[in-house]
Amino acid sequence: MLEIKNLSYSVDENGVKKEILKNINLSFSDDKLYVITGNNGSGKSTLLKIIMGIEKQNEGDVLYNKKSLTNMSITERAKEGVSIAFQKPVTFKGLKVKDLLDITAGKSHNLSAMCEILSKVGLCAKDYIDRELDERLSGGEIKRIELAMALSRNAKISLFDEPEAGIDLWSFDNLTQIFSNNKNKINIVVSHQKQILSIADEIILLKNGEVVCKGEKGKVLPLLDGNGCGRLRGEQNG
Amino acid sequence: MDRIDRDLLEKVADLHKVPVGSFNIRKNGEVLARNSTKEIEIIPKENKSGINIKIKSGVKNKSVHIPVLLTLGGFKDLVYNDFYVGDNCDVTIIAGCGIHNNTCKDSQHDGIHSFHIGKNSKVKYIEKHYGSGDGEGKKILNPITKIFMKEGSQVFFESLQIEGVSSTIRKTYVKLSDNCLLNIKENILTTDSQYAKTFFKVELLGENSKCEVVSHSVAKGNSIQEFVSNVIGKNKSFGHVECDGILLDDARVISLPKIDAKSKEASLVHEAAIGKIAGEQVVKLMTLGLTEEEAQQMIIKGFLNF
Ligand SMILES: Nc1ncnc2c1ncn2[C@@H]1O[C@H](COP(=O)(O)OP(=O)(O)OP(=O)(O)O)[C@@H](O)[C@H]1O
Ligand SMILES: [Mg+2]
């Protein structure tokens, strides 16, 4: 169980305090797939980065199985079983796809293991493992590899930030399998996409840094605007 | 050959034992071992120090090793090596120099190389530089490489400075004829108060000649690196120069890429980026479980391709 308690995050912008997350309280139980949605700029990515330790909250606590992660570094959290697939993946000059997959698994993979991982995201291993993870790959390819790295970590808490952005979801064999096949594991996906929302167990809606609505999919989905998914029905844009 | 020789050979030429085929191993200005074959002949020069390497036309999938070892402090070695590669060849030339200096006097090796590449030949040339030993004496390497490429030839030049070279000034001059392809990859690591300067002059003389120069440098400590390139397009040609530097500590990298399209048909591009190791790359690797140190090492290792 992952708990977020009274969490707030603000930054100083030219001497003015800008509140990005306000008093967030959430709990995520094992075995469930959570989808966080909300307008652009509502704080979704920031929340995931705080769970991973990339950003530090000003107030509040993040607990995993009652143990506080708050004072742990990114590395320590990774070792504790937290993983993240970024909305904007990082590229590297000189590091190959296979080098990165080896790090994620903490050992060197053979070709068939790499095939298994990359085929989950619709890529053929032999075409990619020796390529450098740099800007010569297409945006969609980079995004898929980012996802593959996260999946191969076999993490206890998997954070996916808009995993579907820029890729054609239908080319995936089984979406549900990708985000929720692991038992005793917490999966949190940030998404605007109806398809992803439809496979959620629970949905959390953020607006201007606050949780405005959360609960089982069956309850929350009907409240959401059918088109945007990022806001409640009847609400005006912005 | 003693332990130091073996260590140097392994570092600069990936050799664990005497190679097969043609080779010339030079140590402290003298020949340690040599083998000449019918296809790749190695002939010592008569009037000066060095060798002529003659590769017969049509020789394919063969390699020649010509490593140089220097283990004496205060020794200055100057050598002239000339390569004559026939037409339609496909060969790999592995050069490289390792200096071990445990003394307080400077050791220096200057290799002056010329390459005459025949029509439609493909040559891969790998040159690794390495220094070891903790004497005060410097380990200095100042190579000059001149490459003359005939029609349709291709040269893939990999130049690596692994570590331990106190000072280097390396100059490379290339002339390309019609339909030639030149690909230069340079990876240099400097630490402490080391200095490395590389200079390239590439003349795209032939129609449809093409060159790509990619320099990756990592500078640590107080070291300084300079990258100077001059690509001149005198015909319908294409040139791309890229210089990327990662700085650590108080190091500096200076990049001066010059491109000069003397022909309107020439298309020349240069890109240069110098800066700290990218924070987001370090963070990404940390999210995969590496420590900050491990992440930095991994990024540098990949970037330098060592
Ligand atoms: N370091 C920072 N300095 C200033 N503003 C920041 C900083 N980090 C985040 N923000 C702001 O916080 C808000 C939330 O950003 P965040 O990236 O979390 O949004 P998001 O919900 O993921 O949006 P999107 O759907 O566009 O990805 C944005 O307005 C953003 O500009
Ligand atoms: Mg976001």
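Owing to the predicted nature of the structure, the values given are computational and were not obtained by experimental measurement. Order of the sequence lines sets the chain letters (A, B, ...), proteins ahead of strands, with each chain counted from 1.
- At least one side-chain heavy atom of B/Leu288 sits under 4.5 Å from a side-chain heavy atom of A/Arg153.
- Looking at heavy atoms from C-beta onward, B/Lys284 lies in side-chain contact with A/Glu146 at the 4.5 angstrom threshold.
- When heavy atoms are compared at a cutoff of 4.5 Å, A/Thr91 approaches chain B solely by way of its backbone atoms N, CA, C and O.
- A 6.0 Å sphere centred on NZ of A/Lys56 holds more than 12 heavy atoms belonging to other residues, nucleotides or ligands.
- For the set B/Asn305, B/Ile299, B/Leu304, B/Leu285, the count of heavy-atom pairs under 4.5 angstrom toward chain A peaks at B/Leu285.
- B/Lys124 NZ: 12 or fewer foreign heavy atoms inside a 6.0 Å radius.
- Both the backbone and the side chain of A/Ile103 come within less than 4.5 Å of a heavy atom of chain B.
- Crowding of B/Glu271 atom CD: a count of heavy atoms from other residues, nucleotides or ligands under 6.0 Å exceeding 12.
- Annotation: side chain of B/Met298 is in contact with side chain of A/Asp99 (closest heavy-atom distance under 4.5 Å).
- More than 12 heavy atoms of other residues, nucleotides or ligands sit less than 6.0 Å from atom NZ of A/Lys79.
- Within a 6.0 Å radius of CZ in A/Arg131, other residues, nucleotides and ligands contribute more than 12 heavy atoms.
- The two residues B/Met286 and A/Ala78 make their nearest non-hydrogen contact at O-CB, 3.6 Å.
- Between A/Lys93 and B/Gln281, the shortest heavy-atom contact is N-NE2, 4.3 Å.
- For A/Asp12, the CG atom counts as densely surrounded, since its 6.0 Å shell holds more than 12 non-hydrogen atoms of other residues, nucleotides or ligands.
- Within the 4.5 Å cutoff, no side-chain heavy atoms of B/Thr287 are placed close to those of A/Val82.
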